[in-house]
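In what follows, a structure is listed as structure tokens, so that the remarks can point back to it.
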Amino acid sequence: MTGYDFKTIEPKWQAWWEEQGLHRTGTDPKRPKFYCLDFFPYPSGEGLSVGHCRNYIPTDLIARYKRMRGYNVLHPMGWDAFGEPSEAFAIKHGIHPRLATTRNTANYKRQLRLIGTSYDWSREIDSSDPEYYQWTQSFFLLLYHRGLAYRDTNWQWWCPQCQTTLSNQEVGDGVCWRGHNTITKKLLPAWFFRITAYADRLISDLDGIDWPERITTMQRNWVGRSEGVEFDMEVAGTNESIRVFTTRVDTVFGVSFVVLAPEHPLVDALTTPEHRAAVEAYRDAARLQTDIERASIEREQTGVFTGAYAINPVNGQRVPLYLADYVLMGYGTGAIMAVPAHDARDFGFATRYGLPIPVVIAPPEWDGQPLSEASTGDGVLVNCGEFSGLPSRDGLERIADWMEHRGIGRRQVHYKMRDWLISRQRFWGAPIPIVHCVRCGMVPVPEDELPVLLPDRYQPATTGRSPLADIPEFVQTTCPGCGGPAERETDTMGGFACSSWYFLRFTSPHEHARPFDPEAVAYWMPVDVYVGGAEHAVMHLLYARFWMKVMADAGLVPFSEPFAKLLNQGQLHAPSGQRMSKSRGNVITPDSVVEEYGADTLRLYELFMAPFDEDATWSEEGINGTSRFLNRVWALVMKNLDTQDADSPELIRRRHLLVKQVSEGVEECRFNTTISRFMEFVNYVNAPDGLDGVIGRSTAETVLILLAPFAPHLTEELWHALGHADSVHQQGWPDYDPALLVSAEMTLVLQVNGKVRGQLTVAADADEETIRRLALEHERVRPYLDGHGVKRVVVVPKKLVNIVV
RNA sequence: GCGAGGGUGGCGGAAUUGGCAGACGCGCUGGACUUAGGAUCCAGUGGGGUGACCCAUGGGGGUUCGACUCCCCCCUCUCGCACCA
């Protein structure tokens, strides 16, 4: 393998940059700031794959580019170091999770350096460091004191493989967010953050940020705001009533039964003795079902009659009360009014159990016959008393007004989103700073007693409770309120708490007495470009936004949206097309690629293989192209170390064009086509019947400066080979002269009836009449005109001439 | 089912406001240099005829002098969400 000696030059310049402190960042109010951030990585034991690099290479390129553009750039890196895999590893090997974490972060850092990233390592942070999690605990208290953290006993999703509880948001399709599919439910006390209190702002503030539409759409859907009417239905013969929520109050006259979720708290009280056995059997069966089964839309609706009847308050009608698992306790009020004529699920249920299906919204062209399926669209109200005859949209508002006026019901908003379950029954997380006192109850740990430190001793859990519960020296404490004996909360916080504020810590990572320096936060925040995978579209990005709004409300930060611009890189698949994973044995590491091709080739290939935001597949052969290109750049510059400046006007024009293309390409994250532009330029220069690889010094320097953010080591070596003692990365970004981009001639395409027949080269300033004349006289065009009258000649400036005959 | 984004050579992918389809790269073919080549360089490379012509951007219509691009219908792939009342 011939070519430049990347094995020598890459480590050499990495060490030099470090020594020079080239990437250190300080606050500098005189310069415009630019905060370029990666998603907070969890340092797994497997280390980085080339797939992860698809995140870190583009952000590094952007950071380097912005520095050369004169920005004061903050480009930090740190570790989301708490988490289940480190704890699992610790259990397996009987060591403290700290050891696994330290080893893993060191490996990540080594790999990130290996690929030539320009992080300011003086700002490195670690969420499992007490210096850090002290403040995570402090923000827990902030939420607690603002009424946004609370403890509740509830049925929790439980993943036996992770040995931990999961929030609703971490459970999808009956599968936990790490992919385990054996989750069940457990009744446990747990801590929650009241993110639902910010539901509306989490939706409305999306309008002010520059994020991919698919992500904002997912967040809107996740919050799932829906407006409707809530009202109570009395249960006949009892003092109880059932509260229901509907978004279609226009159909309220069509209620033919009422359905409770199996978990509804009033089930026991309402069920009549003769139905009790059936109801309990149904309820037990529903609980045992997995979410997948219960959520399947293919399935028929099932249910069981309670023996009780509810009264429809709008017309006094008595309707039967059922239990059915298609109604969820977690949404709305856990009870619905069922209108089979106008809801597909209610229709299925009514059909199965022989319940009436009265039509109250006449669909357009309805013939008065019974419906064969639910009619869920608009129509005209019928059989609705005084409201009959109204269009359903109007009817909805009028009935809602009427119910509010009469005190029957009221307008209400519900959200799909649930509060954020923060408790984990795990060791390796930030302890929740609460003390349980027999006398005082739950008492928050005072700020000045933080951090609540994790014990140095680690032992695996024996009970399914947090391992901390088995460590007496951790548990036993005194009550901050009364000084009496008390026990510490043993739940720790899930990792999403740590990642909800880390970007603030980077602005001033060495503060001891406070989480961050407010001036540094004011200077650096918000993050200007935030890059990471789309898989965090909902959880992390929603939680972090929530925390910033809370902090903004508390006056701690002067903004409420932390990430001004968000970008999602595409996934990188293994050559087989599958996802890269250790279990498939198809992981390609940056280590092996750097060993064979060097870091600059790896960087360039990852940028070149596909558009930044689209999925791509690693190709063992494809990388040869970028490797060859860099070798050509090397040879080109080395060949011209002593060439005098004698660039032709055309070369100068192309150089200016390259500056324009690269500048715009980087600004718009079109890295793959930008690299093509470099290749075209080098091909032009190397053409054997053209310049044959001879360029002047200023051209060589310009190319190196432009290429520096892409291939930082190679360009630095060549920059020094040209005799410079400073760094290529400290050069200013070149400008281009738009006047020089224009060439003296232009080539137009000649078409006859829209088909290409020839080309015409004319002076760039030729007028339309001249062009028209030359086109009609053109030897390749004339044969097509013979015997036909020219109907029309379309002249498009600088593009083409189309002759219609 | 709903929402979003895609379908262009053997492959990855290019094509400002509609204006030479296939830039750039991989691979492949032939050649040069070589003891050797998985190195490097040169030439070629959508398909068909193999003349100067025709056909081609998932399929079918439409608008236009001109459509990968705009409009309508259909097929298909990927990713989200999904008994949400």
Side-chain angles (χ1 to χ4, degrees), chain A residues 1-3 172-173 212-218 220-222 224-226 228-230 244-249 251 259 261 294-301 324-328 330-339 343-346 348-349 414-417 534-535 537-538 571 604-605 608-611 613-626 628-629 631-632 635 664 670 672-683 686 688-689 747-759 780 783 791-805:
Chain A
M1 170 106 199
T2 59
D173 272 351
E213 193 193 308
R214 50 190 285 255
I215 304 294
T216 54
T217 301
M218 280 162 80
R220 279 194 189 89
N221 291 341
W222 199 269
R225 180 190 162 93
S226 63
V229 171
E230 209 173 81
V244 299
F245 174 67
T246 180
T247 55
R248 288 295 306 274
V249 76
T251 66
V259 186
R294 200 162 153 180
S296 169
I297 201 158
E298 314 297 324
R299 203 184 52 140
E300 261 191 82
Q301 286 74 33
D325 61 9
Y326 77 87
V327 174
L328 308 175
Y331 184 75
T333 60
I336 62 161
M337 63 172 213
V339 185
D343 179 278
R345 293 148 301 160
D346 298 345
F349 192 91
H414 278 284
Y415 301 94
K416 204 161 79 173
M417 180 173 67
E535 66 274 14
V538 178
Q571 292 239 332
L604 214 63
Y605 179 54
F608 181 68
M609 54 169 48
D613 56 353
E614 279 176 30
D615 287 359
T617 304
W618 185 268
S619 157
E620 297 288 0
E621 291 111 25
I623 194 170
N624 290 328
T626 48
R628 282 174 199 152
F629 168 71
N631 278 314
R632 284 188 196 118
E664 291 175 355
R670 296 194 323 255
N672 58 331
T673 52
T674 301
I675 292 168
S676 298
R677 301 285 96 89
F678 278 114
M679 290 171 167
E680 284 173 320
F681 182 84
V682 171
N683 289 347
N686 278 338
D689 52 350
T747 300
L748 301 174
V749 171
L750 300 181
Q751 295 182 336
V752 179
N753 285 344
K755 294 201 191 251
V756 179
R757 296 302 180 187
Q759 291 190 344
R780 298 289 306 276
K791 273 202 215 153
R792 182 174 168 189
V793 179
V794 182
V795 179
V796 182
K798 293 175 187 162
K799 294 280 187 189
L800 57 66
V801 180
N802 190 15
I803 300 163
V804 187
V805 298

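Just so it is clear: chains get the letters A, B, ... in the order the sequence lines come, proteins before strands, and each one is counted from 1. None of the values given here were measured: they were computed from a predicted structure.
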Now, which nucleotide makes the Watson-Crick or G-U wobble pair with B:A23, with each of the two distances under 3.5 Å? none

Should A:Arg220 be listed as having a side-chain N or O under 4.0 Å from OP1 or OP2 of B:G80? no

What's the CG-P distance between A:Asn221 and B:G5, to the nearest Å? 13 Å

Should B:C70 form a Watson-Crick or G-U wobble pair with both distances under 3.5 Å, which nucleotide is its partner? B:G62

Please check the phosphate of B:A85 (OP1 and OP2 only) for any side-chain N or O of A:Ser226 closer than 4.0 Å. yes

Let me know the distance between NZ of A:Lys791 and P of B:G66, rounded to the nearest Å. 10 Å

Assuming nearest nucleotide by heavy-atom distance, tell me which of A:Gly754 and A:Ile336 is located more 5' along RNA chain B. A:Gly754

Does a side-chain N or O from A:Arg632 land closer than 4.0 Å to OP1 or OP2 of B:C41, or not? yes

Looking only at the side chain of A:Lys755 (C-beta and beyond, no hydrogens), which of the listed nucleotides B:C84, B:A15, B:C55 gets closest? B:C55

Take atom CZ of A:Arg345 and atom P of B:G1, then tell me their distance rounded to the nearest Å. 17 Å

Partner lookup for B:A4, please. Criteria are Watson-Crick or G-U wobble with both distances under 3.5 angstrom; report none if nothing qualifies. B:U78

Can you figure out which of B:C84, B:A21, B:A4 approaches the side chain of A:Tyr331 most closely? B:C84

Between A:Tyr605 and A:Asn624, a side-chain donor and acceptor under 3.5 Å: no

Paired with B:G18 by Watson-Crick or G-U wobble geometry, both distances under 3.5 Å: which nucleotide is it? none

Is any side-chain N or O of A:Asn683 closer than 4.0 Å to OP1 or OP2 of B:G25? yes

Testing B:C84, B:G27, B:C24 for proximity to the side chain of A:Phe608, the answer is B:C24

By the 4.0 Å heavy-atom rule, please label A:Arg225 as base, sugar-phosphate, or nothing. nothing

Return the value, rounded to whole Å, for the distance between atom CZ of A:Phe629 and atom P of B:C41. 13 Å

Side-chain N or O of A:Asn624 closer than 4.0 Å to phosphate OP1/OP2 of B:G27: yes

Assign A:Glu614 to base, sugar-phosphate, or nothing according to its heavy-atom contacts below 4.0 angstrom with the strands shown. nothing

When we call it a touch if two heavy atoms are under 4.0 Å apart, what does A:Val804 touch: a base, just sugar-phosphate, or nothing? sugar-phosphate

Quick note, A:Ser676 side chain, CB onward, closest among B:G80, B:A23, B:C81 is B:A23

Need to verify one output field. Residue with the more 5' nearest nucleotide on RNA chain B, A:Asp615 or A:Gly622? A:Asp615

Measure from the side chain of A:Lys799, starting at C-beta and using heavy atoms only, and say which of B:C53, B:U17, B:C20 lies closest. B:U17

Using atom types as modelled and distance alone, determine if a side-chain donor or acceptor of A:Asp343 lies under 3.5 Å from a backbone N or O of A:Asp346. yes

Considering Watson-Crick and G-U wobble pairs with both distances under 3.5 Å, what does B:U50 pair with? none

B:A56 - base-pair partner by Watson-Crick or wobble geometry, distances under 3.5 Å: none

Quick one: are A:Gln571 and A:Glu535 in side-chain contact, heavy atoms under 4.5 Å? yes

Closest of B:C20, B:G27, B:A4 to the A:Gln751 side chain is B:C20

Parallel, tilted or perpendicular: ring planes of A:Phe629 versus A:Phe678, cut at 30 and 60 degrees: tilted

Nearest-nucleotide pick for A:Asn672, side chain only, options being B:A85, B:G27, B:G13: B:G13

Taking only side-chain nitrogens and oxygens of A:Arg628, does any of them come within less than 4.0 Å of OP1 or OP2 of B:G27? yes

Strictly below 4.0 Å: does A:Arg792 bring a side-chain N or O up to OP1 or OP2 of B:C65? yes

Pull up the glycosidic torsion of B:G9 and say syn or anti, syn being anything within 90° of 0. syn

Considering every strand shown, what is the Watson-Crick or G-U wobble mate of B:A32 when both distances are under 3.5 Å? B:U40

